[in-house]
Amino acid sequence: MSRPAEIPTGIDTPAFLADQHRYYARLRQSPGPRLVRNPQGLGYWLITRHAEARAVLLDPRFSKDPKLAEQALSAAGYGVSGADSFFLPLVNSDPPDHTRLRRLVSGAFTPRRVEELRPRVEQLTQDLLDAVPDEHGAEDGGTTPVDLMTALAFPLPVLVICELLGVPHGSRSALLNWATQMLTVSGRAAGPGGGPAERTRRLHRWFASLVAAKRPRVRVDLPQDEQPDLLAALIVAHDQGRRLSDEELVGLLVLLLVAGHETTTGMIGNAVDALLRHPDQFEVLRRRPELVPSAVDELLRYEAPLARTTLRVAREDVKVADIVIPAGSVVSVALTAANRDPDVFPDPHRLDITRARGPHLAFGHGIHFCLGAPLARLQTETVLVALLSRCPQLAAADPHAPQQWLPVGDVRGLLTLPVLLRPVPPVGPIAS
């Protein structure tokens, strides 16, 4: 068995972030995992091929136990602890804890529950688009550039999370403020409340106060699956069934904000950007809007919002392809790379919204498959339908401008998306 040479530089550098697909294509040329090292000095095994990615994501020998991860990172000289790293209980856990936690929240993401949210998601989308002319000037006919990330892609998931949790209307602006602090580059760099660890602790305290305010209004005579919102259901699970600890309850709420929001924002922005950069595909969708649901799958494959999975640790020596990953090693799966594997997706670098649905890994695979995938799909579909109907002449403000990606390697999302809405003029009354 062979051991690949380490790639000492390149990953997560500015050049990589600007064109990660070229980098991953080079890594995919040889089978098996590759040992890489990021600019902060962390070395880990990276999986880039589709078949190997699926296998690793299904393999219980690769653990997401936060204690194992901290031990592995500490052994590698990359110390992290507490709120700086592994504070998302559902994402960073193994069975049986993962099974228990996922069961407690899965009821909020069933097809029926998600479909019940559709009218509200549609209304929120329309409300956000209605607000754009007032802020950017309607007198020029929609030719003033609008940052679609700020106007729509960023706030919509926060508002949907508020609906899902049943956050009181008076507290929703505060949650949007927290999202801005935690999930934007400018907020992380200069937001109030100290550094990332301190802001994380303060966010935990804010959610704890939200739970305390909600608790007296929860109908304790109703079972968990009959509660009106997810927050009430989690409070019942904590207070009556004792199926959640205090830390897990608040951690799940933080997870919904951080993981649920960041990926959905990226998904919306990436989808619109890809269509604007492929006007032939946008034109197909304009003519055939019934293709929107299947188009979302191709857009996810083409530019997934989660570029790499969170870290796993090998519990024992594990052979992947022809290479043994030693016990205690840190492993990540490059979903973006797997989604452009030519062995699975012919002509993988071409966007084709009529492509037959394939087994893309944008939402992961196995027991950690993204629980919020149906809700993220709903929001992206709703945005595309709204833009197609309201702004059929939607265009990039500068078609030749390079994309400005978030300066992190595991999340694939745009910093800004300047567009020209050019809305359809209002339809006047029909003459009698």
Side-chain angles (χ1 to χ4, degrees), residues 14-25 129 132 142-154 156 263-289 291-307 335-337 339-342 345-355 357-358 360 362 376-377 379-409 411-423:
F16 165 86
L17 295 174
D19 192 8
Q20 64 171 332
H21 295 296
R22 185 188 302 273
Y23 187 92
Y24 284 140
L129 288 172
V132 169
T143 57
T144 297
V146 174
D147 180 9
L148 205 65
M149 301 305 293
T150 301
L152 182 60
F154 190 88
L156 178 62
T263 52
T264 306
T265 292
M267 184 174 168
I268 293 170
N270 293 356
V272 175
D273 179 69
L275 289 170
L276 292 178
R277 291 177 183 273
H278 296 82
D280 61 321
Q281 298 300 297
F282 210 172
E283 180 58 29
V284 171
L285 209 55
R286 287 189 186 100
R287 289 187 284 104
R288 300 179 60 191
L291 291 177
V292 165
S294 58
V296 166
D297 266 302
E298 170 66 356
L299 292 162
L300 277 166
R301 181 204 68 81
Y302 185 78
E303 201 71 85
L306 183 63
L335 304 176
T336 291
N339 284 341
R340 295 203 183 189
D341 188 335
F345 304 101
D347 197 4
H349 299 296
R350 180 172 63 89
L351 179 68
D352 178 6
I353 64 169
T354 64
R355 186 191 297 265
R357 291 192 181 188
H360 70 74
R377 284 181 183 275
Q379 293 177 72
T380 306
E381 290 175 12
T382 301
V383 166
L384 292 181
V385 169
L387 291 175
L388 287 169
S389 62
R390 292 182 54 142
C391 312
Q393 299 182 64
L394 181 75
D398 181 356
H400 304 293
Q403 294 146 308
Q404 299 297 316
W405 297 105
L406 290 168
V408 288
V411 176
R412 185 69 165 173
L414 293 164
L415 286 167
T416 62
L417 180 53
V419 301
L420 302 177
L421 295 180
R422 295 175 182 164

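Here the structure is a predicted model, which means the values were calculated and not measured.
With rounding to the nearest 0.5 angstrom, the CG atom of L285 is 6.0 Å from the CG atom of L275. Annotation: the span from D273 atom CG to Q404 atom CD amounts to 11.0 Å, rounded to 0.5 Å. Separating the CG atom in L156 from the CG atom in L129 is a distance of 9.0 Å, to the nearest 0.5 Å.
No donor-acceptor distance shorter than 3.5 angstrom exists from the side chain of R412 to the backbone of A304, with no hydrogens or angles considered. The main-chain N or O of I353 is found under 3.5 Å from a side-chain atom of Q281 such that the two form a donor-acceptor pair.
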field: Candidate pair D297 and R377, rule salt bridge (Lys or Arg N to Asp or Glu O under 4.0 Å), full reasoning
entry: CA-CA 9 Å; D297 266 302; R377 284 181 183 275; 3.0 Å; yes
field: Steps toward side-chain contact (heavy atoms from CB on, under 4.5 Å) verdict (L388, F282)
entry: CA-CA 9 Å; L388 287 169; F282 210 172; 3.4 Å; yes
task: Please lay out, stage by stage, how E303 and H21 fare under the test side-chain hydrogen bond (donor to acceptor under 3.5 Å, both in side chains).
output: CA-CA 10 Å; E303 201 71 85; H21 295 296; 2.8 Å; yes
field: Working for side-chain contact (heavy atoms from CB on, under 4.5 Å), residues N270 and W405
entry: CA-CA 10 Å; N270 293 356; W405 297 105; 3.5 Å; yes
task: Carefully, step by step, assess L394 and L421 under the rule side-chain contact (heavy atoms from CB on, under 4.5 Å).
output: CA-CA 5 Å; L394 181 75; L421 295 180; 3.7 Å; yes
- prompt: Yes or no on side-chain contact (heavy atoms from CB on, under 4.5 Å) for D347 and D352, after CA distance, side-chain angles and deciding distance?
  reply: CA-CA 10 Å; D347 197 4; D352 178 6; over 6 Å; no
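Considering R350, R357, R355, R340 as possible partners of E298, the one that fulfils the salt bridge (charged side-chain N to carboxylate O under 4.0 Å, His left out) test is R355. Results of the side chain to side chain contact (heavy atoms under 4.5 Å, CB included) test with M149 over L152, V146, D147 single out D147 as the only residue that passes.
Taking the side chain as every heavy atom from C-beta outward, P145 and V419 never approach each other to under 4.5 Å. A 4.5 Å side-chain heavy-atom check between T354 and S294 finds every atom pair outside the cut-off.
Nearest heavy-atom pair, L299 versus A274, reported as atom, atom and distance to 0.1 Å: CD2-CB, 3.8 Å.
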